[in-house]
Amino acid sequence: MSEIECIVDLLQTGYNGSPWHGPSLVANLTDVTAAQAAQKPIPNGHCIWELVQHVTAWVNVAINVIDGQAYAILPVEQDWPAISAEDESGWQAALGILDSSMEALIAAVGELQDDALWPNLPGVEFNMYWMLMGVVQHSAYHAGQVGLIRKSFA
């Protein structure tokens with residue numbers, strides 16, 4: 001298996017497969033309602049909806065870098081976007097955007113060659129490999145947070 005194939009597998013498995021660490025992000029989001037997604041059971045913590053938008057934002061950063069844009073740290077309003085409408089259609093839209101963004105990232109990574117992984121990205125001290133492993137880790141971290149927040153619903 002090539003390094004690219006491995007990264008694609010890690011992205012896919014962590015997002016909606018059966019990862020070693022526990023439930024995937026999609027598994028933890030299954031059957032969460034808009035009302036639940038907007039709940040903040042941890043004082044000063046984020047809600048599931050905010051976590052979904054945050055993961056989506058960083059997936060899109062990775063897509064942009066693969067597409068040739070410079071890596072950029074997101075300003076807070078893009079890193080943690082405000083929830084625009086706390087209703088079921090807004091929640092389903094947020095989930096749909098996450099899903100299409102993750103599909104686009106997986107497809108974009110699948111088009112890369114292994115040698116594209118190693119040179120540092122322009123203007124930063126890390127390479128494509130490190131960034132993509134970061135997306136894998138970031139998604140797993142927030143999948144765990146979603147799982148913990150879900151436990152508060154019982």
Side-chain angles (χ1 to χ4, degrees), residues 1-32 34 36-38 40 45-86 89-114 116-150:
M1 177 182 288
S2 74
E3 204 66 48
I4 291 295
E5 290 168 332
C6 182
I7 295 169
V8 166
D9 182 62
L10 288 169
L11 288 165
Q12 187 72 54
T13 301
Y15 179 62
N16 65 6
S18 297
W20 174 85
H21 59 75
S24 68
L25 183 55
V26 167
N28 276 332
L29 292 169
T30 299
D31 298 327
V32 172
Q36 290 170 326
K40 290 189 175 186
H46 292 288
C47 66
I48 291 173
W49 200 321
E50 290 169 331
L51 293 169
V52 164
Q53 292 183 146
H54 171 72
V55 169
T56 302
W58 286 99
V59 166
N60 288 329
V61 165
I63 293 167
N64 291 342
V65 170
I66 292 169
D67 286 345
Q69 295 180 31
Y71 177 86
I73 298 295
L74 294 175
V76 173
E77 62 275 4
Q78 291 175 359
D79 191 9
W80 294 99
I83 299 170
S84 57
E86 292 182 15
S89 66
W91 172 234
Q92 292 305 315
L95 291 173
I97 294 167
L98 172 62
D99 195 57
S100 62
S101 293
M102 190 59 82
E103 285 181 17
L105 176 61
I106 291 166
V109 171
E111 295 296 317
L112 295 173
Q113 299 298 313
D114 281 359
L117 295 172
W118 311 118
N120 276 1
L121 296 170
V124 294
E125 295 298 317
F126 56 84
N127 57 31
M128 184 77 68
Y129 179 84
W130 190 83
M131 180 188 71
L132 294 173
M133 289 295 99
V135 172
V136 169
Q137 296 161 3
H138 185 246
S139 297
Y141 172 74
H142 288 305
Q145 288 182 314
V146 170
L148 287 173
I149 294 170
R150 279 185 66 131

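Everything quoted here is computed from the prediction, not taken from an experiment.
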Student: side-chain contact (heavy atoms from CB on, under 4.5 Å), that's the test. Do Asp79 and His54 meet it? Break it down for me.
Tutor: CA-CA 6 Å; Asp79 191 9; His54 171 72; 2.7 Å; yes
Student: Return the CD1 to CG distance between Ile149 and Leu51, rounded to the nearest 0.5 Å.
Tutor: 5.0 Å
Student: Which residues satisfy the ring-ring contact (aromatic ring centres under 6.0 Å, His included) test with His46, sequence neighbours excluded?
Tutor: Trp80
Student: Walk me through it: do Val135 and Val59 pass the test side-chain contact (heavy atoms from CB on, under 4.5 Å)?
Tutor: CA-CA 7 Å; Val135 172; Val59 166; 4.3 Å; yes
Student: Could you list the residues that satisfy ring-ring contact (aromatic ring centres under 6.0 Å, His included) with Trp118, not counting sequence neighbours?
Tutor: Tyr129
Student: Quick one: which residue pairs count as a salt bridge (charged side-chain N to carboxylate O under 4.0 Å, His left out) with a foot in residues 52-63, not counting sequence neighbours?
Tutor: none
Student: Partners of Ala37 by side-chain contact (heavy atoms from CB on, under 4.5 Å), sequence neighbours excluded?
Tutor: Val32, Ile48, Trp49, Trp91
Student: If you look only at pairs with a residue in residues 99-108, which of them pass as a side chain to side chain donor-acceptor pair (under 3.5 Å), with sequence neighbours excluded?
Tutor: Tyr15-Asp99, Asn60-Ser101
Student: Determine, step by step, whether Ile66 and Leu132 satisfy the side-chain contact (heavy atoms from CB on, under 4.5 Å) criterion, reporting the C-alpha distance in whole Å, the side-chain angles of both residues, the deciding distance to 0.1 Å, and the verdict.
Tutor: CA-CA 10 Å; Ile66 292 169; Leu132 294 173; 4.3 Å; yes
Student: Would you call Met133 and Val136 a side-chain contact if the rule is heavy atoms closer than 4.5 Å?
Tutor: yes
Student: Please determine which of Ile4, Leu10, Val8 meets the side-chain contact (heavy atoms from CB on, under 4.5 Å) test together with Cys6.
Tutor: Leu10
Student: Quick check: does any side chain N or O of Asn64 sit under 3.5 Å from a backbone N or O of Gln69, one acting as donor and the other as acceptor?
Tutor: no
Student: Could you tell me the separation between the CH2 atom of Trp58 and the CD1 atom of Ile63, rounded to the nearest 0.5 Å?
Tutor: 13.5 Å
Student: Report the distance from atom CG of Asn16 to atom CG of Leu25, rounding to the nearest 0.5 Å.
Tutor: 9.5 Å
Student: Using the side-chain contact (heavy atoms from CB on, under 4.5 Å) criterion, which residues pair with Ala140? Sequence neighbours excluded.
Tutor: His21
Student: Under the rule for side-chain contact (heavy atoms from CB on, under 4.5 Å), what residues qualify as partners of Asp9, not counting sequence neighbours?
Tutor: Thr13
Student: With sequence neighbours left out, write down each residue that passes side chain to side chain donor-acceptor pair (under 3.5 Å) with Gln92, or none if nothing qualifies.
Tutor: Glu88
Student: Can you measure from CG (Leu11) to CE (Met102) and round to the nearest 0.5 angstrom?
Tutor: 6.0 Å
Student: If you compare all heavy atoms of Pro23 against all heavy atoms of Ala143, which two are closest, and at what distance to 0.1 Å?
Tutor: O-CB, 4.3 Å
Student: Kindly state each residue pair satisfying salt bridge (charged side-chain N to carboxylate O under 4.0 Å, His left out) with at least one member in residues 47-61, sequence neighbours excluded.
Tutor: Lys40-Glu50
Student: Name all residues meeting the ring-ring contact (aromatic ring centres under 6.0 Å, His included) criterion together with Phe126; count only those two or more places apart in sequence or in a different chain, and write none if there are none.
Tutor: Tyr71, Trp130
Student: Can you check whether Glu3's main-chain N or O pairs, donor with acceptor, with Asp114's side chain at less than 3.5 Å?
Tutor: yes
Student: Looking at every non-hydrogen atom in both residues, tell me the closest pair between Glu86 and Ala38 and how far apart they are.
Tutor: OE1-CB, 3.6 Å
Student: Check the pair Leu112 / Ile7 against side-chain contact (heavy atoms from CB on, under 4.5 Å), numbers first and verdict last.
Tutor: CA-CA 11 Å; Leu112 295 173; Ile7 295 169; over 6 Å; no
Student: Side chain to side chain donor-acceptor pair (under 3.5 Å) with Ser89: which residues, sequence neighbours excluded?
Tutor: Asp87
Student: If I take atom CE from residue Met131 and atom CG from residue Asn120, how far apart are they, to the nearest 0.5 angstrom?
Tutor: 12.0 Å
Student: Mind checking what makes side-chain contact (heavy atoms from CB on, under 4.5 Å) contact with Pro75, not counting sequence neighbours?
Tutor: Glu77, Gln78
